Protein chains: 2
Amino acid sequence: MNIGAAAQASGVSAKMIRHYEAIGLLPPPARRDNSYRDYGEPEVHELRFIGRARKLGFSMAEIGALLALWRDRGRPSREVRQLAVRHLADLEQRIAELRGMAATLAQLVECCHGDARPDCPILDELGGAPR
Amino acid sequence: MNIGAAAQASGVSAKMIRHYEAIGLLPPPARRDNSYRDYGEPEVHELRFIGRARKLGFSMAEIGALLALWRDRGRPSREVRQLAVRHLADLEQRIAELRGMAATLAQLVECCHGDARPDCPILDELGGAPR
DNA sequence: GTTGAGCTTCCCATGATGGGAAGATTTAGC
DNA sequence: GCTAAATCTTCCCATCATGGGAAGCTCAAC
């Protein structure tokens, strides 16, 4: 299977497949005589794994660890869970940060009449005196 | 005021002040005889503005627009509000995405016993058959 | 007057993704 | 069988905001 077909089958772009290989996340695949990369079902399976983990927001480093655990038939599920719990906390923190921003901004937006007049609580807040 | 003092006074690092200048967000400041950048209160004021806008998650491009509106005494508040509303929608979308990830992950974490045994719903989900 | 702190510019790195060029090869249409 | 289009290869560059660090100049303090 060429890289294009593997991309199609896994939902990971060819560009990204090469990239994951370049950063060592994936082992170099077999090559055909024409130097084209050659993938089989197991490789596509790993690619799909990576794609799913990305969709859950895991970083490349975390995915590397997850892949290693996945390949290790005897891994303790504790390690997987710990990794996931840490990532979950990270997600929650990012959500909290964004929510803080959104809350402040929503309040400002609500106070701004938003017409042709120049006075604007949003700019006042941004340019206001140091608190 | 040297760049270090301006950084101190505004809460924006010297590194970032130079960067904002380099990308054209800020006009080149006055220079002393020793070629040191020289800042006054107005410049520090703008830097604080930028810092606050960053804390609300605005992009550099958006901050450029906000700065232009701020400098324009006759701007219609409508434009400021529109910009803020758009950014707010962007924030909400990012929050929704992260929440989706967190919800899925939380569910998986809950299902994983997380002990010495190797079976793990988290890895099962990531490596499962295409849905 | 030496030393340490602060300033200058310039280059490089991050993390995940993509665009695009130049060149080789395969595939499809006729 | 020939030509054109698609696909592959590698390599470089861009994003976005931030920072690290080097090499060299300048300033302040003791």
Side-chain angles (χ1 to χ4, degrees), chain A residues 1-26 28-40 43-44 46-67 87 90-91 94 97-98 101, chain B residues 1-26 28-40 43-44 46-47 49-67 87 90-91 93-94 97-98 101:
Chain A
M1 190 174 356
N2 280 347
I3 196 171
Q8 198 79 24
S10 66
V12 176
S13 75
K15 209 82 174 169
M16 280 300 99
I17 296 177
R18 294 196 196 93
H19 178 63
Y20 294 154
E21 178 190 336
I23 63 176
L25 193 65
L26 295 174
R31 297 279 187 150
R32 291 184 182 268
D33 288 348
N34 53 17
S35 83
Y36 285 15
R37 288 171 178 80
D38 191 17
Y39 297 96
E43 284 81 13
V44 169
E46 292 216 334
L47 287 171
R48 217 158 15 208
F49 182 99
I50 294 174
R52 297 234 181 99
R54 285 296 304 140
K55 278 204 184 122
L56 288 182
F58 285 101
S59 71
M60 287 299 105
E62 289 168 329
I63 294 176
L66 284 172
L67 265 178
H87 177 53
D90 191 57
L91 286 175
R94 280 152 65 191
E97 280 169 16
L98 291 179
M101 294 180 189
Chain B
M1 190 173 357
N2 281 345
I3 197 171
Q8 199 78 25
S10 66
V12 176
S13 75
K15 208 83 175 170
M16 280 299 99
I17 296 176
R18 294 196 196 94
H19 178 63
Y20 294 154
E21 179 190 336
I23 64 174
L25 193 65
L26 295 173
R31 298 280 187 149
R32 291 184 182 269
D33 288 348
N34 54 18
S35 84
Y36 284 15
R37 289 172 179 79
D38 192 17
Y39 297 96
E43 284 81 11
V44 169
E46 293 215 333
L47 287 170
F49 182 99
I50 295 174
R52 296 234 181 98
R54 284 296 304 141
K55 277 203 186 122
L56 289 182
F58 285 101
S59 71
M60 288 299 105
E62 288 166 331
I63 293 175
L66 284 172
L67 265 178
H87 177 52
D90 191 55
L91 286 176
Q93 198 193 331
R94 279 152 65 192
E97 279 169 17
L98 291 179
M101 293 179 189

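Keep in mind it's a predicted model, so treat the numbers as computed, not measured.
The side chain of B:S35 approaches C:dT8 more closely than any other nucleotide in the set D:dC8, D:dC27, C:dT8. Each of D:dT9, C:dT8, C:dT26 was ranked by its minimum atom distance to the side chain of A:N34; first place goes to C:dT26.
Taking atom NZ of A:K15 as the reference point, atom P of D:dT7 lies 15 Å away to the nearest angstrom. Per the geometry, CD1 belonging to B:I17 stands 14 Å off C1' belonging to D:dT18, to the nearest Å. Rounded to a whole Å, the CD1 atom of B:I3 is 16 Å from the C1' atom of D:dC27. We find that CG of B:N2 is positioned 10 Å from C1' of D:dT26, with the value rounded to whole Å. D:dC25 atom P lies 17 Å from atom CZ of B:R31, rounded to whole Å. The interatomic distance linking B:M1 (CE) with C:dG6 (P) rounds to 16 Å, in whole Å. The interatomic distance linking B:Y39 (OH) with C:dG6 (P) rounds to 16 Å, in whole Å. Rounded to an integer number of Å, the gap from A:D33 CG to D:dC8 C1' is 14 Å.
Contact annotation: B:R37 side-chain N/O to C:dT8 OP1/OP2 distance is under 4.0 Å. Between A:R18 and D:dT9, a side-chain N or O to OP1/OP2 separation shorter than 4.0 Å is present.
Of the residues near DNA chain D, A:Y36 and A:E21, the one whose nearest nucleotide (by heavy atom distance) lies more toward the 5' end is A:Y36.
Here the CD1-OG distance, from A:I17 to A:S10, works out to 4.5 Å after rounding to the nearest 0.5 Å. For the atom pair B:L66 CG and B:F49 CZ, the distance stands at 5.0 Å (nearest 0.5 Å). How far CZ of A:R54 is from CE of B:M101: 7.5 Å, rounded to the nearest 0.5 Å. A:M16 CE to A:I50 CD1: the interatomic distance, rounded to the nearest 0.5 Å, is 11.0 Å.
Under the rule for a ring-ring contact (aromatic ring centres under 6.0 Å, His included), A:H19 has no partner lying at least two apart in sequence or in another chain.
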Under 3.5 Å, which N/O atoms of the protein pair with N/O atoms of nucleotides 15-17 of chain C?
| from | atom 1 | to | atom 2 | distance (Å) |
| --- | --- | --- | --- | --- |
| C:dA16 | OP1 | A:M60 | N | 2.8 |
| C:dA16 | O3' | A:R54 | NH2 | 3.1 |
| C:dT17 | OP1 | A:R54 | NE | 3.3 |
| C:dT17 | OP2 | A:Y20 | OH | 2.7 |

